[in-house]
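Everything on this sheet refers to the single structure shown next.
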Amino acid sequence: MHIHVYEKTILGLTLVILVAALGAIGGSVFAGHAHLPGPVMRVDPRTVAQTPPFDAPGVQQLGPNHYLVVMTAQAWSFNPTEVTVPAGSMVTFQIASVDVTHGFLIEDTNVNLTLIPGYVSAATTTFSTPGTYLIVCHEYCGLGHQAMYGRVVVQ
Ligand code: CUA
């Protein structure tokens with residue numbers, strides 16, 4: 001079978017691009033440890049409020065510049081609604097839903113989680129610029145969904 005030289009060139013280029021793209025994905029997963037944000041542990045949604053650390057939601061200091069923010073999500077609010085962290089700090093969020101599926105997106109950051117009842121979702125980010133960052137629920141969770149938001153105050 002005769003294949004035109006242009007067709008061979010395009011096929012060759014396609015193969016090169018495909019191998020390069022697969023290599024980039026493989027490299028970021030295995031060498032760069034890139035992964036989708038996912039559930040870190042399970043929790044009974046009926047007893048979240050009595051289960052540590054969700055029995056005392058809020059901000060805890062983990063290290064010199066590392067903070068843990070523990071939150072619960074319920075229709076239609078986050079608890080606590082507002083947290084304050086120092087500028088330049090690394091902040092790990094651990095959030096669990098006590099009722100239905102909610103979303104957790106912090107504007108201008110890489111934090112974007114889905115909160116599935118029964119699972120704890122976590123993400124870590126660094127807030128280098130002081131300001132107020134809006135947290136929004138981005139999964140439709142009922143009549144008050146559009147009013148479900150919170151704030152991270154970075155000082
Ligand atoms: Cu919670 Cu939408």
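Counting convention: from 1, in listed order, for ligands and their atoms alike. Quantities reported herein were computed from a predicted structural model and do not represent experimental measurements.
- For Glu139, the N, O or S atom closest to atom 2 (Cu) of ligand 1 goes by the atom name O.
- Distance alone, capped at 3.5 Å, is enough to place a donor-acceptor pair between the Trp76 side chain and the Cys141 backbone.
- Between the SD atom of Met148 and the SG atom of Cys137, the angle centred on atom 1 (Cu) of ligand 1 amounts to 110° when rounded to 10°.
- Residue His102 approaches atom 1 (Cu) of ligand 1 most closely through its N/O/S atom ND1.
- Residues Glu139 and Thr114 have side chains that bring a donor and an acceptor to within less than 3.5 angstrom of each other.
- Among the atoms of His145, an N, O or S atom is found under 2.8 Å from atom 2 (Cu) of ligand 1.
- Using bins of under 30°, 30° to 60° and over 60° for the plane-to-plane angle, the ring pair Phe127/Tyr133 lands in the perpendicular bin.
- In this structure, a donor-acceptor pair under 3.5 Å is absent between the side chains of Gln94 and Thr92.
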